[in-house]
Each structure stands twice: as structure tokens, then as C-alpha cells.
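Just so we're on the same page: letters track the sequence lines, and every chain starts at 1.
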Amino acid sequence: EKIIVEQKLAVESIRAFLKSKTSYDVLPVSYRLIVLDTSLLVKKSLNVLLQNNIVSAPLWDAKTSRFAGLLTSSDFINVIQYYFSNPDKFELVDKLQLDGLKDIERAIGVEPPDTASIHPSRPLYEACIRMMDSTSRRIPLIDQDEDTHREIVVSVLTQYRILKFVALNCRETHFLRRPIGELNIITKNNVASCRMTTPVIDVIQLLSQGNVASIPIVDHEGTLINVYEAVDVLGLIKGGIYNDLSLSVGEALMRRSDDFEGVYTCTERDKLSTIMDNIRKSRVHRFFVTDDSGKLVGVLTLSDLLKYILLGE
Amino acid sequence: LATSSIKHNTLCVASIVRYKRKYVTQILYAPL
Amino acid sequence: STISILPTSLPQIHRANMLAQGLPAASKISPLVNKKSKTRWHFGIRSRSYPLDVMGEIYMALKNLGAEWAKPSEEDLWTIRVRWKYEVAQNKNNEKIPDLMKMIIQLFQIETNNYLVDFKFDGWESSYGEVSANVNLSEDEMSTFSAYPFLHLTTRLIMELAVNS
């Protein structure tokens, strides 16, 4: 009973913290913002992302002198899917510019990502709510240039950065001591999964159709072995392997660089306080929940965590 | 203006700008 | 806590498992080398050409790009005050925005035979005369400045210089 009350109070005070801070407060004192000109070739933009060890960047259209949305791994997934259905269009894909990505979305019939944005001085709580509604995992912070009244992308906030900010600044996270299995925040039903031998193109379809950022790989007994993530697609394209899409997902995972930290797992007995501890200490983007024999039970994403903190209890 | 050497026919320029009390290095990659 | 890292998901272990299965493709695929090539930054652009040649090339490039400049004063031949009309596709609500960007281009000598061309943003003007008076903005507002139009024009100028030379 004590733990339940403590958790409820802790969540409320973390919520109050998120309402008392602005997105601007999350920004480091000094930071870089990498922006890509929309006339850049898609394959060149891939080099820029990989070179800078980032997976997304805002786009800037010099013709209108405005920002033109965000480049994310979903764009590269769209290009792979387009190419897979139009293998004769290699030339077009090779010469594709960033301002051509909209046509690719239309050609394969996917919804353009609804990138909500927010002013940096609005409460952090509002940015989280806006991000959740737009089912995107990142939100551009937009202000106006005082002379030209043109938009400025001040930065892009991600769920990861916000949770890290909470984990680093809210002592109350230590009082979140209820097991996550009791909180009804784990996604258990219809978690799309695949086998090590599944063709990587099928896994990419699962990522796209489910609008998820990772697909667990299980063996014939349902034991979790690995995970294919949306960001792995960048390495696939970089290697030019996307014209050999018959590769199995196991073979495609060989592209992963050696500094990949590995897949985080937990069980339903783990507490949010330990989950937040891990977020504080490492670059973890999701937790796969397994039972004691390692069988996949479900997944706890940063969206699930954020939703619980904002609206749970 | 800060510039970096041209790689893969791509230009990279940057400016450090103050935004309120923080500093943003705004970096632009454009095709040569 | 039962939080842990799945051993079979570590790249080295995954690769060993895949190779153990003797799949033909597996041996062909090498891991992506995440070269953290730190971007090396320089101030402006460097030149070893003769100073007057550098200035000539810059004026030529500015002319080709349709920019204009103030007549240089006798005592300072190495500074160019540029004004550059920034044509933007007129946006929907047709709001009048300042369209003349001012830039200062200056040649510095680093050491003998080593020069540096520096580009500095110098504010906006409007080609229709009205100068955007921002007197009432507080200190904070005054600092919301987007460098991207300035960065875009410098890339155009650098490309013109690269192409010409």
C-alpha cells in the first residue's frame, strides 16, 4: 500500500516538474544542430547522418528559406520499399534528392509523418503531449527569426532526451518502486516478431506497417535472440545491400557496427526506478520484457514510459 | 563563418549563434 | 533488478553464430565502420593566391551571383560590404519580409603566403525601403537569429569560387 501511494505521489511530482520546465531548459548550454539542404542527394544525406552518428536531421529548403520537416529512418525505409517494388528505378533512387522524398511517400501510399512542432519556451509537459498525439518520437522546437519572421529550428527534442532529463533531474524517480507488470504499460499483444531467417525486406515491411521502431527476433520456441531496429536500415543502404533484399535479417544484422551496445531486456518484476536508472546511465531506447526462461513477453518502449508518466495513475 | 573540407561533393558550413542564454552551432550541409 | 543485455544481440556474438551456420552471404557482409570522423572546422576559407587575385575572384563571383557591394574605401581595400537580394518563393500570406542580406567579406593574412577569407553576417534590409525596426524587442527576443539563409548564400559563394578557380 505504501509503495502504491509513494509511486502515485512521485508520478504527480514528476508531472509537476515537466509542467514547471520548458523545452528550452532541456537544451545543453552549447550544442550543435545539423541541418540538411533539401537539394542534397538522399544517399549523401545518409553519409552525413552516419558520419555524425545521428539518425535524424531537420531539412532546410533554400528556395523558400523555410524548414521542410525532419529526415528520419522512416524516409530510408520508404526508399527501400519503393525500390523493392520498382527494381527498374535504380537510376531514380540513386539520383533522388531529399525534396523528392514526398513523392516516394505518395508512390508507396504511406501517410506523410505528422511532425508537430512547439515553441522552445512552452512547458516541457506540452511538448510531451504534442509528441504523443503525433505518434512521432521527436519534436522540433521552432522559434521565429526577429528580422525575417522565418522559422528557426532551435533544436529537436526526442522522447529519449526528455526521459534522460527526468532521470537526471527528478529524485522522485527513486520512488517508482511498483513492478512494471502491475502498471499495465507493457505492450504484450500483437507484438510483431520474426525469425533469424526472415528476409530483411519482410522485416522492413513490419516496421513500416506497424509504425514501430524495432522488430524482435525469436527462435522456434519464442525465445528472444536479437532485435532489428529501424536505424539498422541506414547501415543496410550504406552498404548498398538494399539491392540484395533477399538477405535474411540475420545476415543484414551483420552490418551492425561493433559499438552497438546490445538489446536491453527486463522482466515484469522490474521496477520503474531501475528502468529510469538505466536510462540515466546508458543509451537505451526500449526494454524487451522476457520471462525467466528468456521467452519474449512484450516490449516497454519510451513512448509507453512517457505516456505512463504523463497520463498514468 | 566556419567551414569544413568538402567530402563526397558535399559542402559543410556553420555559424555559432547565441539563442537566449545558450549557444547553437548551426551547421548546414549542402551539395557542391 | 533483472535488467540485462541480451548476449546473443552483441555484434561479435551474433556474427560468430551466423558464421557458425556457414551461410554463404554471412561471410561477405562486414560491419559498418562507424568512423567518428570528427568534422575539422576552419575559419572562413583559406587561400594561398596573391591577395589582389583573391579579391578579384571574390568580386567576380559576387557579380556572377547577382550580388552588389559598396565601393571600397581607399584605406581598406581588403573588406567588401555586400548586399545580396535573397529571392525566396513568395510564401502564402505574402508577408513582406526583409529580402536584402548584408554580409561583410574580409581578407586576413595569417602568415606570408597564407590568407583567410572571412564571411560575416551583417543584418537584413528591405528592397522596398522600410527598415524593419526591432527597437521594442527585449534582449531575449533579439537573439532569435537563424543563420541558415546566411549559410546558404555563403555556400553559393564558395561553390562559385570553387568552380571558377
Side-chain angles (χ1 to χ4, degrees), chain A residues 35 37 50-53 60-67 143-154 196 217 224-227 234-235 238-239 241 244 247-248 250-267 269-271 274-275 277-278 287-288 290 292 294, chain C residues 1-15 17-19 21 23-39 86-91 95-99 101 123-126 132 134 137 140-149 151-153 155-156:
Chain A
V35 171
D37 184 301
L50 291 171
Q51 228 170 37
N52 290 284
N53 214 10
W60 193 74
D61 182 341
K63 289 183 288 305
T64 58
S65 183
R66 286 188 169 284
F67 280 88
D143 195 343
Q144 261 206 3
D145 178 294
E146 84 262 11
D147 280 331
T148 64
H149 307 299
R150 285 267 180 259
E151 287 171 336
I152 313 177
V153 172
V154 173
M196 205 53 97
I217 302 171
L224 181 67
I225 314 177
N226 209 321
V227 173
L234 276 66
K238 174 70 186 159
I241 300 186
D244 175 6
L247 280 183
S248 72
E251 288 160 335
L253 278 177
M254 308 266 286
R255 288 292 293 159
R256 246 181 202 156
S257 68
D258 283 340
D259 56 9
F260 175 71
E261 286 192 19
V263 170
Y264 277 79
T265 60
C266 69
T267 65
R269 296 190 305 278
D270 281 306
K271 306 178 178 73
T274 1
I275 295 278
D277 256 351
N278 277 272
F287 292 83
F288 282 88
T290 62
D292 292 337
Chain C
S1 147
T2 56
I3 293 176
S4 64
I5 289 184
L6 189 65
T8 49
S9 70
L10 293 169
Q12 299 80 353
I13 297 180
H14 172 70
R15 197 164 297 120
N17 291 344
M18 290 299 291
L19 291 174
Q21 289 173 32
L23 292 159
S27 49
K28 267 186 331 193
I29 298 168
S30 57
L32 190 69
V33 175
N34 239 359
K35 56 185 186 318
K36 297 223 181 3
S37 54
K38 283 292 291 162
T39 311
Y86 190 116
E87 304 282 358
V88 290
Q90 200 50 34
N91 57 353
E95 77 194 83
K96 285 277 180 208
I97 62 162
D99 56 349
M101 177 188 292
W124 289 93
E125 275 179 12
S126 310
S132 50
N134 279 319
L137 279 176
D140 261 359
E141 264 73 48
M142 281 312 279
S143 66
T144 50
F145 161 70
S146 167
Y148 290 101
L151 294 175
H152 169 66
L153 289 184
T155 57
R156 301 273 313 279

**Q** Please report the shortest heavy-atom distance between A/Ile152 and C/Ser146, naming the atom on each side.
**A** CG1-CB, 3.6 Å
**Q** Measure the spacing between CG of C/Leu6 and CG of A/Leu224 and express it to the nearest 0.5 Å.
**A** 5.0 Å
**Q** Going by distance alone, is a donor N or O of one side chain under 3.5 Å from an acceptor N or O of the other, for A/Asn226 and C/Thr8?
**A** no
**Q** Under 3.5 Å, is there a donor-acceptor pair between the C/Ser1 and A/Thr274 side chains?
**A** no
**Q** List the steps, then state whether side-chain contact (heavy atoms from CB on, under 4.5 Å) holds for C/Thr155 with A/Asp37.
**A** CA-CA 11 Å; C/Thr155 57; A/Asp37 184 301; 6.0 Å; no
**Q** Considering only heavy atoms, which portion of C/Leu19 lies under 4.5 Å from any heavy atom of chain A: side chain, backbone, both, or neither?
**A** side chain
**Q** Heavy atoms, side chains only, cut-off 4.5 Å: are A/Val35 and C/Tyr148 in contact?
**A** yes
**Q** Mind ranking C/Ser9, C/Ser30, C/Pro7 by heavy-atom pairs under 4.5 Å with chain A and telling me who comes out on top?
**A** C/Ser9
**Q** Relative to each other, are the rings of C/His152 and A/Trp60 parallel, tilted or perpendicular (30° and 60° limits)?
**A** tilted
**Q** Could you measure the distance from the OG1 atom of A/Thr148 to the CG atom of C/Asp99? Nearest 0.5 Å is fine.
**A** 11.0 Å
**Q** Looking at CD of A/Glu251 and NE2 of C/His14, how far apart are the two atoms once the value is rounded to the nearest 0.5 Å?
**A** 8.5 Å
**Q** State, to 0.1 Å, how close C/Arg15 and A/Met254 come at their nearest heavy-atom pair, and which atoms those are.
**A** NH2-O, 3.4 Å
**Q** Restricting to non-hydrogen atoms, name the atom on A/Ala62 and the atom on C/Tyr86 that form the minimum distance, rounded to 0.1 Å.
**A** O-OH, 2.8 Å
**Q** Among C/Thr2, C/Ile5, C/Asn17, which residue has the highest count of heavy-atom pairs closer than 4.5 Å to chain A?
**A** C/Thr2
**Q** Give, as side chain, backbone, both or neither, the part of A/Asp143 having an atom under 4.5 angstrom from any heavy atom of chain C.
**A** side chain
**Q** Could you measure the distance from the CD1 atom of C/Ile3 to the CG atom of A/Asp270? Nearest 0.5 Å is fine.
**A** 4.5 Å
**Q** Minimum heavy-atom separation for C/Pro11 and A/Ser257, please, with both atom names.
**A** CG-O, 3.6 Å
**Q** Given heavy-atom pairs under 4.5 angstrom as the criterion, report whether the side chain, backbone, both or neither of A/Arg256 touches chain C.
**A** both
